[in-house]
Amino acid sequence: MKSLKAFTFIALLAFVFILSACSSDSEAGGEGDGEGENASEDTVKLTMGSWRTEDKESYQKVIDKFQEENPNIEVEFKPSKNTEYNTILNTALKSGEGPDIIHLRPYAPGIELADNGYLEPLDDLEGLDKFPESSLAASKGSDGKQYGVPLNISTTQIFYNKKIFEELNLEEPKTWEEFMQINKTLKEEGYTPISLGTKEGWLLSLAHGMIGPAHYGANEFVDNITAGETSFTSDKFVNSIKAMDELKPYLPKNYEGLGMEDIRTMFFTGDSAMFPMGSWEIEVLREMNPDLELDFFPMPSAVGKEPTITTWVDGSYAINANSEHKEAAKKFLQFMTTEEFGKMFTEEFKMISAIPGIESEDQLVNDLGKAADENSTPYLFLVHFSGGNPSTKTTIETELQGMYLGERTPEQVAEAVQKNAESWYEPLQK
Amino acid sequence: MQLATDSAKEVKKQKKRNWKRWSIHLFPIPALLIYGLFVVYPLFAALTYSFFDWNGMVRGDFVGLKNFKDLFTLEPFSGYFWNAFGHNILYFVLQMIFQNGLAFALAYIIFKKIRGAEFLKISYFLPRLLSVIVVGFLWKLILNPNYGALNVLLEKIGLGHLQEAWLGDPDTALIAIILVNSWYGLGFGVLIFLAGFQSIPKELMEAGKLDGATGLAMVRRILIPLMIPSIMIMTVLTFIQSFEAFELVYAMQGSQGEPYHSTDTLAVYFYRLAFGGSTGGSTTAVGLGSALAVVLFLFISIFTGLYLKYMQKKQVDM
């Protein structure tokens, strides 16, 4: 009995402690805010969230440039770890906090934030009109308003080792048959033709994003499927999965156990000749092996169309709806639409700026940007089908993994993808 | 007069004793606060979350037990649930055999004071000093199909045909992870069992010897019954740990339970549901995730409780 009383007492005490801790917290917060407002007459301090921890120095240079023109606005770049970013950001936003300027994941996850009211609409922001509609779509809310300024375009294509190609007298393929012939030759000569592993699912949707369009006929199919006029069980799409299956003999030995680091290593050490990968790897590959003679070719079509580069917007910048300095944040976003920023971005980050017409001094990046301008097709599953739970993108990753392990046929993969898409994508619901 | 001061002293003493007794109760407060904030509060938060419909991160309407129903009946969620549940059971069974069985044998050998017992005691415990994440990364390298130590070794000793993509093949991936976990937990098991052996009264064993018990009979008739408390502790700990298995799976295979959901456990599945996949792009299902967390909590606590009760009764019977 006595111990029960003691326990009640302690529990009560603990409760009071927690309460007092909470209330004093909010008081302190209130005072802090007041100070912030007073200080805002002189300088405004903005925080900027992102998942690009590796770009901290480059961002600092961009910020310094901005502050030359806007000495009253201080910007602090505060990135968090790539794989933790979404969780950290979501939790902060939910409790009414988070950075003033938000690096937005492209398409569904970013748009989800906009739809939930965490972002400030940007429709009156000058400079947005110079972006093509396809880039703006990466951060357009379901209400049709614009919530983000597109930052960079990512592309996927086949990188290849020039030295190996020269040694075997191979040329960039223009048709699917030529591409398969190259695979055969490389294998006969003892090279691993394609550096691709199936241990990490995202590698598979990425590879399909590039190889798929060659078989389903690129943008025509994309238009049809997004309008609900065809389905994933159609021959065109099934063929794109079958093509992935046909590549099996040209993948590395034990491909089912290989992840990103393994296949990257195989490529830059010259074990394998081709690497289906995103543009962001250019810098990494060069750093790992400065002697690597790196080049790329667009994916040749199997149905008589032009070779394509797969593109998407990789990130946008948005304003936190709960920010206290929205005007200052808008100024920074405005700066991000200028050519001055675009030039700095391509030079510092070695990526393709989302601002049209910006040339890079890096030949490879420049060529890639041009090829993407000429004939691009969207990364279908990221751009249009990354919604749903589990998302259609995750579904195709898992199902392709199953196919490479011999547990699924291409037809079954297509069926599972269709079933998942029907569960949430309205145009496909009947 | 003398009596009065005496009684006053007595009262003072009594008061002092009372305060002493009271003050003892103050010491757990910081711990209770932390425990309340980081364990009890989230527990109830998860319970409330599980009764609501969630639209991404935003709480929607109260839906009662719908999330629980969906978890068990709505595809693909129910399929993933039972798949992961089966893996947790396999985790428990194999951990009991490889980790605890081996630990028991090793502890007995050390207890018997064979040569080098001291060295063994330390070396079994060494893996435990590493962080789980480091262990996961280390074994990921060892098991790498192309340049990992295991496959290279197999090649060198002429068993190249046994080479496998250990972590990429659904048939071997989960077992590989469980074996790594057993390797990691072995030292802890040895420690617990060794302590158990050492607490067995010498007289009992001597009496057994006088009665002619030797070798196996000694182990079966005297050592094992007296080791029940240690075995009980290890079983419960292994059970809880098996059903909470997350870090090592996450470190070695990521949050999708790859390849092809063959290494999915309930905790990994929970993480994926509640916080989204680590490779980006997946939306979150806070309601379903919370429901899963509640189910997991109830399952572990009910089974642990029943088991402890059963074993205590058995112990009393003996």
Side-chain angles (χ1 to χ4, degrees), chain A residues 6-7 9-11 13-15 17-18 21 51 82-87 90-91 93-94 105 107-109 112-113 115-118 197-202 252-259 262 265-266 381-382 386-391 393-395 397-399 401-402 404-405 407-408 420, chain B residues 21-22 24-26 28-30 32-33 35-37 41 55-59 75-77 80 140-141 143-148 151 163-173 253-262 271-286 288:
Chain A
F7 177 74
F9 170 73
I10 289 165
L13 212 61
F15 187 63
F17 258 107
I18 292 175
W51 64 85
N82 186 353
T83 48
E84 310 300 325
Y85 177 70
N86 291 18
T87 314
N90 290 355
T91 319
L93 287 178
K94 216 159 40 171
R105 296 277 191 190
Y107 310 102
E112 190 185 314
L113 293 183
D115 290 350
N116 285 332
Y118 291 114
T198 70
K199 187 172 173 232
E200 293 166 22
W202 69 276
K253 190 182 159 206
N254 286 324
Y255 61 78
E256 62 269 45
L258 301 179
D262 305 316
T265 310
M266 292 189 74
F381 284 94
L382 180 74
S386 55
N389 190 355
S391 70
K393 181 170 171 282
T394 312
T395 305
E397 286 166 4
T398 314
E399 293 294 318
Q401 213 168 38
Y404 280 116
L405 292 164
E407 304 199 9
R408 280 279 189 278
N420 173 287
Chain B
R21 196 181 292 161
W22 265 106
I24 289 170
H25 294 297
L26 295 178
I29 287 181
L32 275 179
L33 275 180
Y35 186 77
L37 199 63
Y41 170 71
N55 175 17
M57 320 175 319
V58 179
R59 187 152 81 178
E75 279 292 347
F77 303 109
Y80 291 152
K140 219 169 112 174
L141 291 178
L143 296 173
N144 184 292
N146 287 4
Y147 52 80
N151 275 0
Q163 283 184 348
E164 275 261 17
W166 303 104
L167 292 175
D169 185 336
D171 296 334
T172 55
Q253 303 285 36
S255 64
Q256 301 288 330
E258 284 166 333
Y260 204 48
H261 295 303
S262 65
Y271 180 84
R272 195 165 67 232
L273 272 179
F275 302 115
S278 63
T279 45
S282 352
T283 39
T284 58
V286 180
L288 274 174

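Keep in mind that the numbers below use all heavy atoms, side chains included, and drop hydrogens, waters and symmetry copies.
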(message) For B:Y41, is the OH atom crowded, meaning more than 12 foreign heavy atoms sit under 6.0 Å from it?
(response) no

(request) Of all the heavy-atom pairs spanning B:D169 and A:E256, show the shortest one and how long it is. (result) N-CG, 4.4 Å

(request) Over all heavy atoms of both residues, which pair between B:Y260 and A:L405 is shortest? Give the atoms and the distance, please. (result) CB-CD1, 3.8 Å

State, with a plain yes or no, whether a side-chain heavy atom of [X] is found less than 4.5 Å away from one of [Y].
X      : Y      : value
A:T198 : B:P259 : no
B:H261 : A:Q401 : no
B:Y80  : A:P390 : yes
A:E407 : B:P170 : yes

(message) Quick check on B:Q163 against chain A: is it the side chain, the backbone, both or neither that has a heavy atom closer than 4.5 Å?
(response) side chain

(request) Kindly indicate, with the supporting measurements, whether the criterion side chain to side chain donor-acceptor pair (under 3.5 Å) is fulfilled by B:N146 and A:D262. (result) CA-CA 8 Å; B:N146 287 4; A:D262 305 316; over 6 Å; no

(request) Identify, with sequence neighbours excluded, every residue that meets side chain to side chain donor-acceptor pair (under 3.5 Å) alongside B:E258. (result) none

(message) Let me confirm one number: the CG-OG1 distance from B:N144 to A:T265, rounded to the nearest 0.5 Å.
(response) 8.5 Å

(message) Holding to salt bridge (Lys or Arg N to Asp or Glu O under 4.0 Å), I want the full list of residues that pass it with A:E399, two or more places apart in sequence or in another chain.
(response) A:R408

